[in-house]
Amino acid sequence: GQSLEQPSEVTAVEGAIVQINCTYQTSGFYGLSWYQQHDGGAPTFLSYNALDGLEETGRFSSFLSRSDSYGYLLLQELQMKDSASYFCAVGGYNKLIFGAGTRLAVHP
Amino acid sequence: DAGVTQSPTHLIKTRGQHVTLRCSPISGHKSVSWYQQVLGQGPQFIFQYYEKEERGRGNFPDRFSARQFPNYSSELNVNALLLGDSALYLCASSLEVVSNEKLFFGSGTQLSVL
């Protein structure tokens, strides 16, 4: 089967750094993606890792270790607007399998 | 350029009815996927279409069907609605078909089944 695990909730303060972990079990793995979704909004693409290592996009970075079936999303210099749900997703053949999401609450 | 557009934004149906949801992908995107998102959960894959052909199907009953048109727009049909079909239905388009490297989602159709 295919499954992804990520923490259900994370809390942090403005300006801090937070890491959201994701472990997965899947067949036909192509890459690990991260999406952000604000309440009432659509998921928006943040990052994609096809190979092991770190990908950096502004304040957001994503890491993948294929041998460990593990990845994480790192959010730096947290802002209030970063309060949202974050989903890791595994790219399989012709589909994307999402985790249940991590709800990030950023406090002043 | 317009993003992925979906219609309607909200829909209320009763059990047993049929519903059709519509999606227009980003210009130039030939792949359209449908996802169901229940409150508090991640999106769950329903279908992927590319060049009018079904390329992938998730674990959903045959009551769910879809098609893609020559202009790459798509419809999702659900027959014999059940209360459990109440969810946000998301359409996504992409350039990449196989790996789904980067999906662009529409704002979704919120379906309520009473």
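Labels below follow one simple rule: chain letters A, B, ... track the order of the sequence lines, proteins then strands, and each chain is numbered from 1.
Within residues 5-13 of chain B, no residue approaches chain A closer than 4.5 Å by heavy atoms. Residues of residues 57-80 of chain B placed with any heavy atom under 4.5 Å of a heavy atom in chain A are absent; none qualify.
Not a single donor-acceptor pair under 3.5 Å links the side chain of A:E56 to the backbone N or O of A:F60. Judged by distance alone, with hydrogens and angles left aside, the side-chain atoms of B:S31 form no donor-acceptor pair with the main-chain N or O of B:L95 at under 3.5 Å.
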Review point. Could you walk me through whether B:Q44 and B:W34 pass the side chain to side chain contact (heavy atoms under 4.5 Å, CB included) check?
Key: CA-CA 8 Å; B:Q44 188 172 1; B:W34 288 94; over 6 Å; no

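Residue contact with chain B, scored on non-hydrogen atoms closer than 4.5 Å, is absent for A:F29.
Counting heavy-atom pairs closer than 4.5 Å to chain A, the top-ranked of the candidates B:L88, B:L103, B:V4 is B:L103. The residue among B:G106, B:S94, B:G56, B:P43 with the most heavy atom pairs within less than 4.5 Å of chain A is B:P43.
Note on ring orientation: taking the six-membered ring where Trp is involved, the planes of B:F104 and B:H29 are tilted (angle from 30° to 60°). Using cut-offs of 30° and 60° on the angle between ring planes, the pair A:F98 and A:F87 is perpendicular.
Aromatic pair B:F105/A:Y35: centroids less than 6.0 angstrom apart.
Annotation for A:Q79: atom CD counts as buried by contact number, over 12 foreign heavy atoms lying within 6.0 Å.
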